[in-house]
Participant: 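Take this structure, written in structure tokens, and hold onto it; I'll ask about it next.
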Amino acid sequence: MKIALIILLCFYATTSLQDSVREATVKANSKACSKELMVDTSLAKRALKSGNAGNDTTVKCFFKCVLEKDGTMTTTGELNLMPFRDRLVKATEMMDACSALKAETPCDLAFNAMTCIRNAFMSLE
């Protein structure tokens, strides 16, 4: 489940304009779950950053709540990660294309690579 959360948050962390709606949804879901479970979101952020929630079931249930509201998890605890896998395959293919880039100068190559990588991450949405 840790891996699923990390993957989920990686997708949420992209900074494209397309992500602004997604980000607003995640924030709204987080706020609703925080209120519903009376969880301080800073505790949840710390747990996620460290990869360790210890025995704090409230923080763990906060993540369950967020995933349920997002439709990534059912109320019975079943995960649906297929949309993420599909996006990862597409992003991987795009990253392979990025690694094949050529340019006249290293600076041109660096710029082209960053643009390509950015486009690959934007495609995740």
Side-chain angles (χ1 to χ4, degrees):
M1 178 143 170
K2 262 190 210 178
I3 293 172
L5 289 173
I6 291 169
I7 291 171
L8 181 65
L9 289 175
C10 286
F11 290 124
Y12 292 157
T14 58
T15 58
S16 70
L17 290 176
Q18 295 172 338
D19 289 335
S20 61
V21 172
R22 182 78 165 154
E23 190 175 320
T25 302
V26 171
K27 284 182 181 180
N29 290 344
S30 295
K31 185 176 181 178
C33 291
S34 174
K35 186 176 180 179
E36 186 179 314
L37 298 170
M38 294 181 280
V39 173
D40 181 353
T41 55
S42 66
L43 293 175
K45 287 177 185 176
R46 251 183 281 144
L48 190 61
K49 187 175 181 177
S50 70
N52 184 2
N55 293 324
D56 192 340
T57 56
T58 307
V59 169
K60 292 175 183 178
C61 289
F62 166 82
F63 289 109
K64 178 182 178 281
C65 177
V66 172
L67 291 176
E68 283 177 358
K69 288 187 183 305
D70 185 53
T72 306
M73 179 181 269
T74 66
T75 56
T76 59
E78 295 175 44
L79 289 172
N80 177 17
L81 299 177
M82 287 310 292
F84 296 116
R85 288 184 183 159
D86 294 343
R87 289 184 222 157
L88 283 174
V89 168
K90 182 178 178 184
T92 299
E93 290 169 356
M94 292 181 75
M95 294 299 285
D96 289 344
C98 294
S99 68
L101 289 172
K102 304 280 186 230
E104 288 185 28
T105 69
C107 291
D108 288 337
L109 179 59
F111 177 76
N112 293 344
M114 289 304 293
T115 301
C116 185
I117 292 165
R118 180 183 145 271
N119 291 339
F121 279 103
M122 286 178 64
S123 76
L124 294 175
E125 190 53 36

Participant: Excluding sequence neighbours, so at least two apart, what forms side chain to side chain contact (heavy atoms under 4.5 Å, CB included) with Met82?
Facilitator: Asn80, Arg85, Asp86
Participant: If I compare all heavy atoms of Ser30 with all of Phe62, which pair ends up nearest, and what's the gap?
Facilitator: O-CE1, 3.3 Å
Participant: Among residues two or more places apart or on two chains, list those pairs meeting side chain to side chain donor-acceptor pair (under 3.5 Å) that have a residue in residues 97-109.
Facilitator: Thr105-Asp108
Participant: Tell me who clusters with Leu109, hydrophobic residues only, linked when side chains sit under 4.5 Å apart either directly or through other members.
Facilitator: Leu101
Participant: According to side chain to side chain contact (heavy atoms under 4.5 Å, CB included), who are the partners of Thr74, at least two apart in sequence or on a separate chain?
Facilitator: Thr76, Glu78
Participant: Taking atom OG1 of Thr75 and atom NZ of Lys64, what is their separation to the nearest 0.5 Å?
Facilitator: 6.5 Å
Participant: Test of understanding: with disulfide (SG to SG under 2.5 Å), list the residues that count as partners of Cys116, not counting sequence neighbours.
Facilitator: Cys98
Participant: Where do Cys65 and Leu37 come nearest, in terms of heavy atoms and distance?
Facilitator: CB-CD1, 4.1 Å
Participant: Rounded to the nearest 0.5 Å, what's the gap from CD on Glu68 to SG on Cys61? Could you check?
Facilitator: 9.0 Å
Participant: Tell me whether Thr115 contacts the main-chain N or O of Phe111 through its side chain, where contact means a donor paired with an acceptor under 3.5 Å.
Facilitator: yes
Participant: Which residue pairs pass the salt bridge (charged side-chain N to carboxylate O under 4.0 Å, His left out) test when at least one of the two sits in residues 28-45, sequence neighbours left out?
Facilitator: Glu36-Lys69
